[in-house]
There are 2 protein chains.
Amino acid sequence: MSQQRNGQAAGAPDGAGFPDLPEATVARLPEYLRALHHLAETGFDTVSSEGLAAAAGVNSAKLRKDLSHLGSYGTRGVGYDVALLIAQIEHVLGLTQRRTVALVGVGNLGHALAGYGGFGTRGFRIAALFDADPGRVGEQINGLPVHDIRRLPEVVAAEAISIAVIATPAEAAQQVADQLVAAGVTSILNFAPCVLSVPDGVDVRKVDLAVELQILSFHEHRKSALTTLPSHPANGRVKIRPALNGEALAT
Amino acid sequence: MSQQRNGQAAGAPDGAGFPDLPEATVARLPEYLRALHHLAETGFDTVSSEGLAAAAGVNSAKLRKDLSHLGSYGTRGVGYDVALLIAQIEHVLGLTQRRTVALVGVGNLGHALAGYGGFGTRGFRIAALFDADPGRVGEQINGLPVHDIRRLPEVVAAEAISIAVIATPAEAAQQVADQLVAAGVTSILNFAPCVLSVPDGVDVRKVDLAVELQILSFHEHRKSALTTLPSHPANGRVKIRPALNGEALAT
DNA sequence: AGGCGTTTGTGAACGTACGCACAAACTCAC
DNA sequence: GTGAGTTTGTGCGTACGTTCACAAACGCCT
């Protein structure tokens, strides 16, 4: 029944008194983690909420509230211990154990993802590649062989894979998702531009590059409407007619 | 001063009586648009809010409220005219004119993005590729030549580019962003895992693949903690101690 | 030991977003 | 023309997220 739910409640469904993190906070923790790793490499032992907030690109009050949700260890008058905070966040995110990931669809994008080295340093290991195209099966990418999609259940079980990435064309995505769920995968990152329907208990997050560009396009449209239309008065019933005021952009 | 702001207010800064779209609505419009195109191809002339909501993976009430914000033309008792609604949304998103996009960084990911055909059908045209590596300059990808990054101002002006995609390593991203802004780009889609600092009036959206996986990891962690700990009541003051795991995955 | 400056953690106010539920508006059949 | 059925548009209650502002807690200097 459950359609795709990007912003699923992070909470335990039962009534346990578990410190539930707001979903918005969960989405920011990885940013903090990245900033913290950078600080650690730069030689910082401690950091103030102000400093970390700047490094992560957020408001310092928001950062403090976020960290307070995980009962964080800051020291008043000093700040946060960088190493300790890294350990805390990694623990909360479940990154203390390295997670194994399957990637389905070794086309243009899948190829790039398989070759991206950034995952290894952020707690993940791409453990298996799959494709339905017999022409691609057997190919090696970055030292990993491409399996036939039919071997999904076998490999998922053997490698203890719980997260999968779908990088197939949109037409194939739902079928792939079904196969993944049947094989025991419970978290899916979907790059295909389509809505996936999955059972309850399975999380889906979506990344659609065209959607991101279209959102930017909206703001671009808005900006240019503001700057280029010095006037364009009452025209009957046209919806949305940004109109007016030549506002000079900064720079 | 402005750090990166994904969720920027969509509103006109002045007091004009403009139908300001909530940012959350703007983020969903591209989803509706995709669903509508799919419906149009499938032969639908009209669609109810219920039907479109299902296709886009959202609640029907939310969809109706979103569409009402742009003064949309639905007909009570019938539904929405698919073609009309497509035109409306494309107009609001500024997609009536095809937007030209520059892509900086032709590495692993940039290569895949340059080769991705999906942009063309969604209102965008990748008009130019750039890289700082002299070894890559001159190379042809998908019929497009890779320019030296130093030709940025020239090409951006010639092609009337207002949106750019950064697919460089994190270390280079800020410098590239500065160059883009200097060249006149006012919207940036950033794939590099770092915070970009840009002047006011420039929009930045970020896509970080590792962040998406880490969010999934959190839920995964949560799920396994729930399934393996049938009970684990009041444990004093331990912050989040999901602990353990030898997860029995579903199915 | 005590006071001062700094920084965290959080209560409270505010704003935004969501979803229900219903009246208004429309089509269609007769 | 009238009534029945369908679907939109939206007012309202509620939940969530953000920001401000301040008291409590800490280090450090004297």
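Keep in mind that what you see is a predicted model, and the values were worked out from it rather than measured. Just so we're on the same page: letters track the sequence lines, and every chain starts at 1.
No donor-acceptor pair under 3.5 Å is formed between the side chain of Glu212(A) and the backbone N or O of Val207(B). When atom types are taken as modelled, the side chain of Thr75(B) and the backbone of Val78(B) share no donor-acceptor pair closer than 3.5 angstrom.
First and last contacting nucleotides of DNA chain D toward chain A (any atom under 4.0 angstrom from a heavy atom, 5' to 3' order): dG17(D) to dG27(D).
Closest-nucleotide positions on DNA chain D for Thr25(A) and Val78(A) were compared, and the one nearer the 5' end corresponds to Thr25(A).
Residue Tyr80(A) has a polar side-chain atom (N or O) positioned under 4.0 Å from OP1 or OP2 of dG9(C).
Between Tyr73(A) atom OH and dG9(C) atom P there is a gap of 11 Å when expressed in whole angstrom units. The interatomic distance linking Glu50(B) (CD) with dG19(C) (P) rounds to 13 Å, in whole Å.
Side-chain atoms of Glu220(A) and Thr186(B) form a donor-acceptor pair, as typed in the model, at a separation below 3.5 Å.
For the side-chain hydrogen bond (donor to acceptor under 3.5 Å, both in side chains) test, no residue two or more places apart in sequence or in another chain qualifies with Thr168(B).
How far CD1 of Ile215(A) is from CG of Asp203(B): 11.0 Å, rounded to the nearest 0.5 Å.
For residues 60-75 of chain A, the salt bridge (charged side-chain N to carboxylate O under 4.0 Å, His left out) pairs, not counting sequence neighbours, are Arg28(A)-Asp66(A). Within the structure, no pair that satisfies the salt bridge (charged side-chain N to carboxylate O under 4.0 Å, His left out) test touches residues 37-54 of chain A, not counting sequence neighbours.
Ion pairing between a basic and an acidic side chain is recognised when a charged N comes within 4.0 Å of a carboxylate O; Asp208(B) and Arg122(A) show such pairing.
Contacts with DNA chain D (heavy atom under 4.0 Å) in residues 34-43 of chain B: none are found. Of the residues in residues 59-68 of chain A, those lying under 4.0 Å from DNA chain C by heavy-atom distance are Arg64(A), Lys65(A), Ser68(A).
Across all non-hydrogen atoms, the minimal contact from Leu189(A) to Leu209(B) is CD2-O, 4.4 Å.
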Take Val211(A) and Leu33(B), measure what side-chain contact (heavy atoms from CB on, under 4.5 Å) needs, and give me the verdict at the end.
CA-CA 10 Å; Val211(A) 166; Leu33(B) 187 57; over 6 Å; no
